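First the structure, in the form of structure tokens, and then the observations on it.
Predicted model only: the values in this text are computed from it and were never measured.
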Amino acid sequence: MQTNGYVPEQFDMRPQQLGDQSQGGYGYDEPTPDLAIALEATVNFMAPIPEERHVHVACIQHLQELARQVGPGWEVKAFGSAANGFLSRGADLDVTCYKGDIQDQDSEMALQELRFRFGPLLGQQPQFQVIQEVWSARVPIIKLRYIDMIDVDLSC
């Protein structure tokens with residue numbers, strides 16, 4: 001079938017060599033050295049600095065200590081980019097608190113613990129600044145700032 005001189009069956013979708021073949025032209029499979037350098041620089045720029053990683057770890061440890069004060073069995077665990085290794089520079093820290101010894105969490109009980117036990121403990125910690133409490137969300141959270149360096153979203 002031919003329409004306006006265009007024959008779809010004859011369209012070649014394979015990568016084409018660009019530039020002079022004798023000069024080692026680059027196809028789509030091989031990035032140019034400049035592009036490879038630019039991509040590497042971008043990835044390096046986006047990677048968190050070592051201090052950020054240490055602050056994330058310290059924040060999680062601090063929250064775990066507070067969870068133990070909430071009551072026996074309470075735990076805190078990071079999720080999202082901080083947990084899966086895709087953490088980028090300036091990223092926030094997503095953490096959740098839960099009662100580890102209970103299989104099926106009661107969301108209303110968890111909300112009450114977060115609001116009336118964990119929240120007041122956070123307010124007493126100089127390392128944490130409570131930015132916002134969002135109780136009406138589907139997943140209630142407390143938005144925090146840790147040592148004026150990272151943003152933290154704590155859910156339960």
Side-chain angles (χ1 to χ4, degrees), residues 13-19 24-156:
M13 294 295 290
R14 293 175 294 170
Q16 302 293 314
Q17 280 293 95
L18 304 174
Y26 292 92
Y28 296 114
D29 294 336
E30 300 177 44
T32 64
D34 291 341
L35 178 59
I37 291 168
L39 288 172
E40 184 176 352
T42 300
V43 168
N44 289 338
F45 176 76
M46 294 302 298
I49 57 177
E51 183 181 37
E52 275 184 295
R53 289 188 189 277
H54 295 300
V55 171
H56 278 107
V57 169
C59 180
I60 293 167
Q61 289 172 343
H62 198 150
L63 289 169
Q64 287 170 338
E65 291 169 15
L66 293 176
R68 286 190 284 278
Q69 292 178 38
V70 168
W74 281 94
E75 300 178 32
V76 170
K77 188 166 240 157
F79 65 95
S81 63
N84 66 21
F86 289 112
L87 183 66
S88 61
R89 187 173 298 179
D92 70 345
L93 177 60
D94 297 308
V95 293
T96 188
C97 61
Y98 60 96
K99 196 146 169 64
D101 55 358
I102 296 179
Q103 196 111 28
D104 294 322
Q105 297 288 311
D106 176 357
S107 59
E108 187 58 36
M109 191 260 310
L111 170 62
Q112 297 304 318
E113 294 290 339
L114 181 64
R115 189 172 190 173
F116 298 112
R117 305 244 358 240
F118 218 119
L121 283 173
L122 287 165
Q124 298 170 7
Q125 305 300 310
Q127 299 88 340
F128 288 100
Q129 178 185 3
V130 177
I131 304 297
Q132 184 179 13
E133 297 172 323
V134 184
W135 305 122
S136 60
R138 187 175 62 83
V139 178
I141 61 169
I142 300 176
K143 293 183 171 283
L144 307 163
R145 184 95 175 137
Y146 183 68
I147 63 170
D148 204 28
M149 190 167 179
I150 60 169
D151 293 319
V152 181
D153 289 342
L154 174 64
S155 62
C156 217

Task: Heavy-atom donor-acceptor pair, Arg145 side chain to Gln129 backbone, under 3.5 Å - done: no

Open item on the list: Looking only at the side chains, is there a donor atom on one of Glu75 and Tyr98 sitting less than 3.5 Å from an acceptor on the other?
Closed with: yes

Open item on the list: Using 0.5 Å steps for rounding, measure from the CG atom of Asp153 to the CG atom of Asp151.
Closed with: 7.5 Å

- [ ] State, yes or no, whether a side-chain contact exists between Phe128 and Leu66 at a heavy-atom distance under 4.5 Å.
- [x] yes

Task: Ile60 CD1 to Tyr146 OH distance, which is reported to the nearest 0.5 Å - done: 10.0 Å

Task: Heavy-atom closest contact (Trp74 atom, Cys156 atom, distance) - done: CZ3-SG, 3.7 Å

Open item on the list: Is any side-chain heavy atom of Val139 closer than 4.5 Å to one of Thr96?
Closed with: no

TODO: May I ask you to test the Glu52-Met149 pair for a side-chain heavy-atom distance under 4.5 Å?
DONE: yes

Task: Where Val130 and Glu133 come nearest, the two heavy atoms and their spacing - done: CG1-CG, 3.9 Å

Open item on the list: To check you understand the geometry: which heavy-atom pair defines the closest contact between Trp135 and Leu111, and what is its length?
Closed with: CE3-CD1, 3.5 Å

Task: Matching residue for Val95 among Ile141, Val152, Leu144 - test: side-chain contact (heavy atoms from CB on, under 4.5 Å) - done: Val152

Task: Minimal non-hydrogen separation, Val76 against Ala67, with atom names - done: CG2-CB, 3.7 Å

Task: Student check: side-chain heavy atoms of Leu93 and Cys59 closer than 4.5 Å - done: yes

Open item on the list: So Cys97 and Leu114, do their side chains get closer than 4.5 Å, heavy atoms only?
Closed with: yes

- [ ] Indicate yes or no for a side-chain donor-acceptor contact from His62 to the backbone of Ala58 under 3.5 Å, with no hydrogens or angles considered.
- [x] no

TODO: Could you tell me whether a side-chain N or O of Lys99 sits under 3.5 Å from a main-chain N or O of Pro72, the two making a donor and an acceptor?
DONE: yes

